[in-house]
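Throughout, residue positions are numbered sequentially from 1 according to the sequence presented. No hydrogens, no waters, no symmetry mates; every other heavy atom, side chains included, goes into these values.
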Amino acid sequence: MEFTKPRGTRDFLFDEMQERKEAQSILRNIFENYGYREVKTPLFEELKLFTTKSGEEIVDQLYNFKDKSNRELTLRPEITAPIARLYLNELEKTAIKPIKLYYYGSCFRYERPQKGRFRQFWQFGCELIGANSPQGEAEVIALCNDAVNSLGITTADVNINHLGIIRGLFKHFNITEETQRELMVVIDKGDKDLLKESLSGDNPVIDNDELNQILLQLIDLVGDKSILNKVENLIKDYAETQESFNQLKELVNLLESFEVENYTLNLGVARGLDYYTGIVFEIYVPELGAQKQICGGGSYSLIKVFGGKEVESTGFALGFDRLMNALDELCEKKEKKSHLDIYVAPISDNVSAKAYEITQNLRRNNIKADVDLNARKFKKLINYANKINVDKIAIIGENDLNDGKITIKDMKSGNQELIDVDNVVYYLRGIKDEN
C-alpha cells in the first residue's frame, strides 16, 4: 500500500520550513511595529459564514462537510470573514476602536492546482476596524508595502483604485445591483478584451453607450498621480463620483507622508466583491508572471453583511506562498546555516553522562545544542558535524574534564580553545552576541 499527500498540498522539509519561519518572523515584527496584535480563528467555520459573504456559488470551491450533529461546516477558504465573525462575537461591544489585528494561517479551496495555486495555502494579513478615513487607508497601504519590502522584494508595485468612482457612475445611470455585480466580476479579472466585449459587443451587459465609453476609458487609466487630471475630466459631470475622487486625491497626498513611493494608480483594479466600498489595492511582482499578484485589500463593510452595526474596515491579505515564490525569484540564496549553535561530542562512553549534562545546561540557556546519541567514534563525530554545517563543536574528553575543561573547536577555521566547563555558556553567548 502506497500513501501520498492529497492533491494540491505540499510537504515542507527542514530548509524550506526555516525560510518560511524567518519570513513569518520578519512580517510579525513589521505588523507589531504598526501596533497590530495577532489573533487566531478556527480552521473550520459554519458554511453560511462564507455563503453569506460570497454567495452560494462559492460552495463548489469549498471543502464543506456535515459533522456528526448534521451541522454544515467548511474549511475556511480565507480569513477575512472569520475575522468579521470574531469581531461580532468577541470585540464589538467591548473593544476600543480603532482595532488593529493581524493573522497568519492556512486556508483551503477545492480548485484545480497549478503553479502558484494550491488547495491548501497560507495567508498573512491584517484588519483595521473602525478607522474610516483616508489616513487609515494610507497607513494600511504603508504597512503592506513595508511588509513586502522588509522581505527583500524590491520590484513590488502597489496598484490603487477607489471603487466609489465606478459605483458613483453606476448610481448616476441607475444600473441594477445584479448588473453591477456581473460587470465588477469582469473588471476584476483584469481582462480588458473581455470587458470591451462585455460593454460593446453584440449583447452588452449595459445598454448605455455613454456609460460604456466612460468605463472603457476609465479602466485604461494607469500611471502616477498625473493621471488624476484625466480621471477628473472624465467624471466631472457626474456628481455621484466626486466624493470618492476627492478621497482618492487625499490618499495620494497622504501616501507621500507615509513614504510610499512605489504605487500606481490603476482604475482597473476592482476587487469584484460587493462589500468593498472605497479604496482597493493589489500588489504585483512582475517576475512571477501570471501569478504576479501577491496581495489584495481595501476598505469594506462586511460586518454589516453579517448583521452587525455599520463599521468601516480596511485590510489586506498577503499570499504567503507567493511571497515565498517571489523571494526565490528575486533574492540571492543565503548560505545555509546550521540549525544548531554547537554540537556536543563525547569521545568516550565514560564522559557521555557529563556531555548530556553540559548539553542540557546549554539548551536551558537558550543555546541551540545537540549531542551525539549514537556513541560514534571521534572521526565520525567530526564528519557528522561537517555534514550538518555546525560552526562549533564541543569535544568532551576525559582528561579535559578532570581539569574542569572542555575543548571548543571552530569548524571553519580549525582553531580550538580550552574552556572552563562552568564558563562555556558565557563563552558561547559572547560569540552569539558578536554575530
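The local environment of CD in Glu243 is sparse, with at most 12 non-hydrogen atoms from other residues, nucleotides or ligands closer than 6.0 Å. Heavy-atom contacts from other residues, nucleotides or ligands closer than 6.0 Å to NZ of Lys292 number 12 or fewer. Around atom CZ of Phe12, more than 12 heavy atoms belonging to other residues, nucleotides or ligands sit under 6.0 Å away.
Distance check, rounded to the nearest 0.5 Å: CG of Asn149 to CD1 of Ile30 gives 9.0 Å. Distance check, rounded to the nearest 0.5 Å: CD1 of Ile99 to SG of Cys126 gives 13.0 Å. Interatomic distance, Lys387 NZ to Asn389 CG, rounded to the nearest 0.5 Å: 13.5 Å. In this structure, OH on Tyr343 lies 10.5 Å from CE on Met411, to the nearest 0.5 angstrom. With rounding to the nearest 0.5 angstrom, the CG atom of Leu183 is 10.5 Å from the OG1 atom of Thr176. Once rounded to the nearest 0.5 Å, the distance linking OG1 of Thr154 with CG of Leu151 reads 11.5 Å.
Residues Thr80 and Tyr300 have side chains in contact (heavy-atom distance under 4.5 Å, counting atoms from C-beta outward). Counting only heavy atoms from C-beta outward, the side chains of Glu137 and Phe281 never approach each other to under 4.5 Å. The closest side-chain heavy-atom distance from Ile83 to Leu302 is not below 4.5 Å. Using a 4.5 Å heavy-atom cutoff, the side chains of Tyr427 and Arg429 are not in contact. Side-chain atoms of Pro286 and Asp157, non-hydrogen and from C-beta on, never get closer than 4.5 Å to each other. Contact of the Asn262 side chain with the Asn145 side chain is registered, since non-hydrogen atoms from C-beta on lie closer than 4.5 Å. Residues Lys66 and Arg71 form no side-chain contact, since every pair of their non-hydrogen atoms from C-beta on lies 4.5 Å or further apart. Side-chain contact between Leu73 and Asn64 is absent, with no heavy-atom pair separated by less than 4.5 Å.
A salt bridge between Arg10 and Asp321 is present, with a side-chain N of the basic residue lying under 4.0 Å from a carboxylate O of the acidic one. Taking a cutoff of 4.0 Å between a charged side-chain nitrogen and a carboxylate oxygen, Lys100 and Glu139 qualify as a salt bridge. Salt-bridge formation is not detected for the pair Glu111/Arg109: no Lys NZ or Arg NE/NH1/NH2 atom is positioned less than 4.0 Å from an Asp or Glu carboxylate oxygen.
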Evaluate Tyr34 against Asp146 for side-chain hydrogen bond (donor to acceptor under 3.5 Å, both in side chains), listing each step before the verdict. CA-CA 10 Å; Tyr34 275 75; Asp146 279 357; 2.6 Å; yes

Check against salt bridge (charged side-chain N to carboxylate O under 4.0 Å, His left out), Asp391 and Lys337: CA-CA 9 Å; Asp391 287 342; Lys337 294 184 177 181; over 6 Å; no

After noting the C-alpha distance and the side-chain angles of Ser413 and Asn415, does the key distance pass the side-chain hydrogen bond (donor to acceptor under 3.5 Å, both in side chains) rule? CA-CA 5 Å; Ser413 68; Asn415 295 333; 3.2 Å; yes

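Asn374 meets the side-chain hydrogen bond (donor to acceptor under 3.5 Å, both in side chains) test with no other residue; sequence neighbours excluded. Residues that satisfy the side-chain hydrogen bond (donor to acceptor under 3.5 Å, both in side chains) test with Tyr384, not counting sequence neighbours, are absent from this structure. Take Glu259 and apply the side chain to side chain contact (heavy atoms under 4.5 Å, CB included) test, not counting sequence neighbours, and it matches no residue. The side chain to side chain contact (heavy atoms under 4.5 Å, CB included) check on Val222 picks up Lys192, Thr264, Asn266, with sequence neighbours excluded. Taking the salt bridge (charged side-chain N to carboxylate O under 4.0 Å, His left out) definition, one finds that Arg28 meets it with Glu38, sequence neighbours left out. For Asp209, the side-chain hydrogen bond (donor to acceptor under 3.5 Å, both in side chains) test picks out no residue, with sequence neighbours left out. Qualifying side chain to side chain contact (heavy atoms under 4.5 Å, CB included) partners for Tyr356, counting only residues two or more places apart in sequence or in other chains: Ser352, Val371, Leu373. Residues passing the side chain to side chain contact (heavy atoms under 4.5 Å, CB included) test with Gln120, sequence neighbours excluded: Thr9, Ser106, Phe108, Trp122.
Separation of the Phe31 and Phe124 ring centroids falls under the 6.0 Å cut-off.
Residues Thr241 and Ser244 have side chains that never bring a donor and an acceptor to within less than 3.5 angstrom of each other. Glu261 and Tyr263 share no donor-acceptor pair across their side chains, judged by distance under 3.5 Å alone. The closest side-chain donor-acceptor pair between Glu127 and Tyr36, if any, does not fall under 3.5 angstrom. Side-chain contact of Gln293 with Arg322: a donor-acceptor pair under 3.5 Å is absent, judged by distance alone. In this structure, a donor-acceptor pair under 3.5 Å is present between the side chains of Asn361 and Asn365. For the residue pair His339 / Gln18, no side-chain donor-acceptor distance below 3.5 Å is found, with atom types taken as modelled.
Within the structure, every pair that satisfies the salt bridge (charged side-chain N to carboxylate O under 4.0 Å, His left out) test and touches residues 77-97, not counting sequence neighbours, is listed here: Glu45-Arg85, Lys53-Glu78. Judged as a ring pair (Phe, Tyr, Trp, His ring centres under 6.0 Å), not a single pair has a partner in residues 80-100 (not counting sequence neighbours). Note on residues 298-315: pairs passing salt bridge (charged side-chain N to carboxylate O under 4.0 Å, His left out), not counting sequence neighbours, are Lys304-Glu310.
Summarising the geometry of Phe306 relative to Ala81, their closest heavy-atom pair is CE1-O, 3.9 Å, with the distance given to 0.1 Å. The two residues Ala326 and Val285 come nearest to each other via the heavy atoms CB-CG1, 4.3 Å. The two residues Ala131 and Pro98 come nearest to each other via the heavy atoms CB-CB, 3.8 Å. Contact between Asp370 and Thr359 at its shortest, heavy atoms only, is C-CG2, 4.3 Å.
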Which pairs of donor and acceptor atoms, one on a side chain in residues 225-236, lie under 3.5 Å apart (sequence neighbours left out)?
{"unit_1": "Lys225", "atom_1": "NZ", "unit_2": "Glu256", "atom_2": "OE2", "d": "2.7"}
{"unit_1": "Ser226", "atom_1": "OG", "unit_2": "Asp224", "atom_2": "OD1", "d": "2.4"}
{"unit_1": "Asn233", "atom_1": "ND2", "unit_2": "Asn229", "atom_2": "O", "d": "3.2"}

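Judged purely by atom type and a 3.5 angstrom limit, Thr179 has no side-chain atom pairing as donor or acceptor with the backbone of Ile175. Checked by atom type and distance alone, the side chain of Arg76 pairs as donor or acceptor with a backbone atom of Thr41 at under 3.5 Å. Judged purely by atom type and a 3.5 angstrom limit, Asn246 uses its side chain to pair as donor or acceptor with the backbone of Gln242. Looking only at distances, a side-chain donor or acceptor of Asn208 sits under 3.5 Å from a matching main-chain atom of Leu211.
Aromatic ring pairs are classed by plane angle as parallel below 30°, tilted from 30° to 60° and perpendicular above 60°; the pair Phe320 and Tyr104 is perpendicular.
Annotation: cation-pi geometry not satisfied between Arg119 and Tyr63 (NZ/CZ under 6.0 angstrom from ring centroid, within 45° of ring axis).
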